[in-house]
Number of protein chains: 2
Amino acid sequence: MKRLQKLNRIYWIYGGIMGLLMIALQIIHYKTMVRDMEIEMYGGIIGVLFLFFGIWLGTSSFKKKSADKYDRQKLGLSKRELEVLELLSQGLSNQEVADKLFVSLNTAKTHISSIYSKLNVKRRTQAIQKARDMALIHPPKE
Amino acid sequence: MKRLQKLNRIYWIYGGIMGLLMIALQIIHYKTMVRDMEIEMYGGIIGVLFLFFGIWLGTSSFKKKSADKYDRQKLGLSKRELEVLELLSQGLSNQEVADKLFVSLNTAKTHISSIYSKLNVKRRTQAIQKARDMALIHPPKE
DNA sequence: GTTTTGATCATCCTTTCGGGTGATTTGTAA
DNA sequence: TTACAAATCACCCGAAAGGATGATCAAAAC
């Protein structure tokens with residue numbers, strides 16, 4: 001439900017604006033009978049309108065939409081695992097993760113392994129990617 | 001010189017396409033005298049053309065501008081190394097990189113090693129991070 | 001009070017990574 | 001022509017990462 005709305009909102013907007021444009025054009029058409037206008041004028045108006053509409057469409061539909069948080073619970077990652085994931089994403093080695101958390105290397109490895117299985121990945125690089133995609137970790141500063 | 005061309009290429013393309021559109025419209029205009037066409041047809045053509053042009057403009061010119069390519073040259077990364085870096089950033093293993101590029105594992109490893117030394121990092125995760133920071137690779141989709 | 005879960009650590013084993021070195025080939029620049 | 005950079009591949013070795021399994025302990029859930 002919610003997801004469907006979210007996914008298709010852009011198309012609703014698209015449809016709405018298309019409709020408005022069409023109505024506007026019809027009004028212009030019938031009100032002024034068009035032929036009184038230079039044909040270039042008419043084309044120019046349409047061109048400018050659609051140009052801006054296209055630019056708007058292009059820029060708005062390609063903005064990042066920020067993944068949602070419900071993912072975290074679904075994946076069942078524990079607090080500790082999220083900590084580890086955070087450190088992983090900072091490019092730390094297993095040993096460094098262990099040191100930062102004051103646990104043994106084995107423990108760090110255990111956490112990391114369970115992270116992999118919960119994220120359904122095979123390598124740490126993939127885990128980091130997935131964590132980024134799902135916004136499980138703090139995004140890199142910009 | 002080269003840089004100037006590179007930076008302004010978008011505007012050259014812009015100008016070129018604008019010109020072509022204008023010429024095309026003029027041809028349509030004079031060849032068919034337009035009035036033989038439905039006015040809606042004419043408007044529709046212009047609308048569609050400018051719509052797509054606008055979308056193209058919007059998507060291409062408003063993408064994050066990414067610390068640009070001069071970085072790449074400064075770092076001295078070769079074309080091949082950038083390819084490898086790209087694949088690394090996708091979470092592929094050395095073997096997978098080798099397979100994708102149709103080279104041996106040894107070759108892939110060589111490239112990767114030289115990437116590390118040029119980026120001044122010790123691990124692939126760090127290389128990926130640095131590559132992202134410097135926009136040496138394509139940003140994650142969305 | 002028993003069960004479950006999370007966190008901790010271990011051991012064994014395999015695969016992957018990364019460093020170092022050297023060699024060949026090809027294209028390009030000096 | 002020579003020189004150099006880029007790309008290719010090989011071999012060796014040690015370190016790191018990853019998989020599988022099991023164990024202990026404490027807190028929370030039942």
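Not measured: the values here are computed from a predicted model.
Side-chain nitrogen and oxygen atoms of Y116(B) include at least one within less than 4.0 Å of the OP1 or OP2 phosphate oxygen of dG18(C). Between N94(A) and dA16(D), a side-chain N or O to OP1/OP2 separation shorter than 4.0 Å is absent. In this model, the phosphate group of dT8(D) is approached by a side-chain N or O of H111(B) to a distance below 4.0 Å at OP1 or OP2. Here S78(A) reaches the OP1 or OP2 of dA7(C): one of its side-chain N or O atoms lies under 4.0 Å away. Between S104(B) and the phosphate of dA10(D), there is a side-chain N or O to OP1/OP2 separation shorter than 4.0 Å.
For the 3.5 Å distance criterion, the side chains of S104(B) and T107(B) qualify, holding a donor opposite an acceptor.
A straight line from NZ of K79(A) to P of dT8(C) spans 11 Å, rounded to a whole angstrom. In this structure, CD1 of I112(B) is placed 18 Å from P of dA6(D), rounded to the nearest angstrom. Rounded to an integer number of Å, the gap from CZ of R124(A) to P of dG19(D) is 11 Å. Remark: C1' of dA5(D) and CD of E81(B) are 11 Å apart, rounded to the nearest angstrom. Between L87(B) atom CG and dC17(C) atom P the separation is 13 Å, expressed in whole Å. For E96(B) and dT16(C), the CD to C1' distance is 11 Å, given to the nearest whole Å. The interatomic distance linking K109(A) (NZ) with dC12(C) (P) rounds to 12 Å, in whole Å. The CZ atom of R80(A) sits 15 Å away from the C1' atom of dA26(D) (whole-angstrom rounding).
Contact check for V103(A) versus R80(A): side-chain heavy atoms found under the 4.5 Å cut-off. Contact of the L87(A) side chain with the L101(A) side chain is registered, since non-hydrogen atoms from C-beta on lie closer than 4.5 Å.
With hydrogens and angles ignored, a donor-acceptor pair closer than 3.5 Å exists between the side chain of T110(A) and the base of dC9(C).
When heavy atoms are screened at a 4.0 angstrom cut-off, N106(A) is found touching base atoms of the nucleic acid. When heavy atoms are screened at a 4.0 angstrom cut-off, T107(A) is found touching base atoms of the nucleic acid.
A salt bridge links E96(A) to R123(B): at least one charged side-chain nitrogen sits closer than 4.0 Å to a carboxylate oxygen.
Taken from OG in S113(B) to CD in E81(B), the straight-line distance is 10.5 Å, to the nearest 0.5 Å.
Mapping R123(B) and V103(B) onto DNA chain D via the closest heavy atom, the residue that lands nearer the 5' end is V103(B).
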